[in-house]
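Reading through the structure tokens given below for one structure.
It should be emphasised that the depicted structure is a prediction, and the values quoted were computed from it without experimental measurement.
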Amino acid sequence: MSALSTQTTERSYASGQVKKLRGRKLQSGLLRTLYILIMVCGSIGVLTPIVWMLSTSLKSAGTVMLMPPQWIPHPLQWRNYIDAIDFLDKGMVFGNTLVIVLFSIVGQLFASTLAGFGFARIHVPGREWLFLLVLTGFMLPVQVTLIPQFVLFSKFGWIDTYYPLIVPEFMGAPFYIFLARQFFLTIPLEMDEAARVDGCGYFGIYTRIILPLSKPLLGIISIQTFMHAWNDFLRPLIFLHTSSKYTVALALQNFTADYGMTPWHLLMAATLTALLPCIALFFVAQRYFIQGIVISGVKG
């Protein structure tokens with residue numbers, strides 16, 4: 001009788017465990033389905049404006065405002081892209097922007113990593129207070145510094161040149177300095193000591209030890225600097241006056257001014273053309289975007 005009771009108890013326990021397992025699997029499946037639905041809805045919300053831009057860029061001027069909207073234009077007006085590039089000084093603004101972007105990347109890589117190295121690896125009195133002073137730059141909006149910069153650069157005779165857009169990048173940026181310091185703090189100090197034994201000074205440690213180990217950081221700074229400089233509108237608007245020196249963001253704004261109305265089909269074609277480098281950069285280097293989120297949260 002006792003053995004029969006034990007077997008019954010074991011069977012009930014096994015049956016209960018099976019039911020719990022099935023319930024967990026069902027719950028996991030429902031959560032997975034919910035996550036997929038949320039991602040699909042979010043993707044639709046993000047992609048709809050891009051699809052609308054693409055559709056509008058391939059329409060003729062008379063079909064842009066049709067209701068209901070024509071999502072698949074017929075015929076496709078590929079000529080819109082050629083006309084848009086011709087309006088942008090035959091693509092000259094892309095070259096202007098690329099020059100600014102390249103110099104900005106070089107400047108930020110040099111200045112921000114060098115300053116971050118000093119704050120992370122060189123012990124001097126007042127280092128933490130100096131770093132706190134740098135971090136106060138986070139609290140200063142760009143608009144606050146525009147007037148002093150304009151007065152200063154006008155005294156240098158730099159207005160309507162690329163110098164106001166390039167030279168400040170060689171001074172570093174508070175966020176990139178903070179990012180570099182946090183990353184360098186994760187590199188063991190024993191490497192510095194071994195390099196000093198071999199005769200390296202601080203600059204040798206910086207160039208031979210730290211930078212080769214900091215490729216993810218360099219990639220993050222390069223990508224974010226590229227995105228900022230390529231899409232910058234306010235500073236070029238303030239400092240550039242000659243149309244032949246315009247950047248992409250500034251040239252796009254002139255569609256309305258030059259046409260007297262907004263040619264939406266050409267504006268969308270030009271905007272997508274300007275957006276392509278950013279999209280291509282994201283797909284090529286998306287892992288660095290993720291690493292940027294991880295590194296910015298590293299405990300210092």
Side-chain angles (χ1 to χ4, degrees), residues 84-85 87-116 134-180 217-258 267 270-282 284-285 288-289 292:
I85 292 176
F87 179 81
L88 298 175
D89 289 337
K90 299 188 182 299
M92 184 180 297
V93 296
F94 291 97
N96 297 341
T97 310
L98 189 61
V99 169
I100 297 172
V101 166
L102 292 178
F103 278 103
S104 298
I105 291 175
V106 172
Q108 288 293 353
L109 287 177
F110 174 74
S112 297
T113 57
L114 192 60
V134 170
L135 291 183
T136 57
F138 282 123
M139 298 182 288
L140 288 177
V142 177
Q143 295 82 357
V144 173
T145 61
L146 276 178
I147 294 177
Q149 285 184 4
F150 186 86
V151 173
L152 178 64
F153 293 144
S154 63
K155 292 183 181 295
F156 290 164
W158 287 359
I159 302 301
D160 201 26
T161 69
Y162 294 144
Y163 292 120
L165 305 177
I166 293 174
V167 173
E169 304 296 333
F170 283 83
M171 308 300 167
F175 176 70
Y176 298 145
I177 294 173
F178 167 76
L179 204 65
L217 172 70
L218 301 181
I220 294 161
I221 295 177
S222 300
I223 292 167
Q224 294 191 0
T225 303
F226 177 93
M227 301 289 286
H228 176 264
W230 186 269
N231 296 312
D232 190 15
F233 171 74
L234 184 59
R235 293 192 306 160
L237 177 65
I238 299 298
F239 297 119
L240 299 180
H241 301 157
T242 305
S243 59
S244 61
K245 298 178 181 177
Y246 280 178
T247 61
V248 172
L250 197 55
L252 289 176
Q253 186 267 345
N254 285 332
F255 268 94
T256 302
D258 289 2
L267 181 58
T271 303
L272 275 177
T273 304
L275 192 61
L276 284 178
C278 298
I279 295 176
L281 181 66
F282 175 78
V284 170
Y288 288 113
F289 283 96

Derivation and outcome, side chain to side chain contact (heavy atoms under 4.5 Å, CB included), residues T247 and D232: CA-CA 9 Å; T247 61; D232 190 15; over 6 Å; no
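- With contacts defined as side-chain heavy-atom distances shorter than 4.5 Å, the pair F239/Q149 qualifies.
- Closest approach of S112 to A180, counting heavy atoms only: O-CB, 3.8 Å.
- Of the possible donor and acceptor atoms, one in the side chain of N96 sits under 3.5 Å from a partner among the backbone N and O of S244.
- Rounding to the nearest 0.5 angstrom, the gap separating the CZ atom in F175 from the CD1 atom in I221 is 9.0 Å.
- Inter-residue side-chain proximity for F178 and V134 is flagged as unmet; no heavy-atom pair is nearer than 4.5 Å.
- Residues L165 and E169 fail the side-chain proximity criterion, which asks for heavy atoms closer than 4.5 Å.
- For L276, the CG atom sits in a packed shell: over 12 heavy atoms of surrounding residues, nucleotides or ligands are nearer than 6.0 Å.
- At least one side-chain heavy atom of R235 sits less than 4.5 Å from a side-chain heavy atom of L146.
- T145 contributes a side-chain N or O that, together with a main-chain N or O of V142, makes up a donor-acceptor pair within less than 3.5 Å.
- Looking at residues two or more places apart in sequence or on another chain, you find a ring pair (Phe, Tyr, Trp, His ring centres under 6.0 Å) between F226 and W230.
- Closest of all the heavy-atom pairs between F170 and A111 is O-CB, 3.3 Å.
- Expressed to the nearest 0.5 Å, how far OH of Y176 lies from NE2 of H228 amounts to 7.0 Å.
- For the pair L102/V106, no side-chain contact is recorded, criterion being any heavy-atom separation below 4.5 Å from C-beta on.
- Among all heavy-atom pairs drawn from T97 and V248, the shortest one is OG1-N, 2.9 Å.
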Working for side chain to side chain contact (heavy atoms under 4.5 Å, CB included), residues I159 and F150: CA-CA 8 Å; I159 302 301; F150 186 86; 3.7 Å; yes
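- To the nearest 0.5 Å, the span separating CD1 on I177 from CG on L114 amounts to 9.5 Å.
- In this structure, Y246 and H241 approach most closely via the heavy-atom pair OH-O, 3.7 Å.
- For F156, the ring pair (Phe, Tyr, Trp, His ring centres under 6.0 Å) partners at least two apart in sequence or on another chain are W158.
- We find the CD-CG distance between Q108 and L218 to be 12.5 Å, quoted to the nearest 0.5 Å.
- Listed for the T225 side chain is no donor-acceptor partner under 3.5 Å among the backbone atoms of S222.
- In this structure a side-chain-to-backbone donor-acceptor pair under 3.5 Å is present from Y162 to K245.
- Few gaps surround CZ on F233; more than 12 heavy atoms of other groups in view lie less than 6.0 Å from it.
- Within the 3.5 Å criterion, the main-chain N or O of A229 finds no donor-acceptor partner in the side chain of S104.
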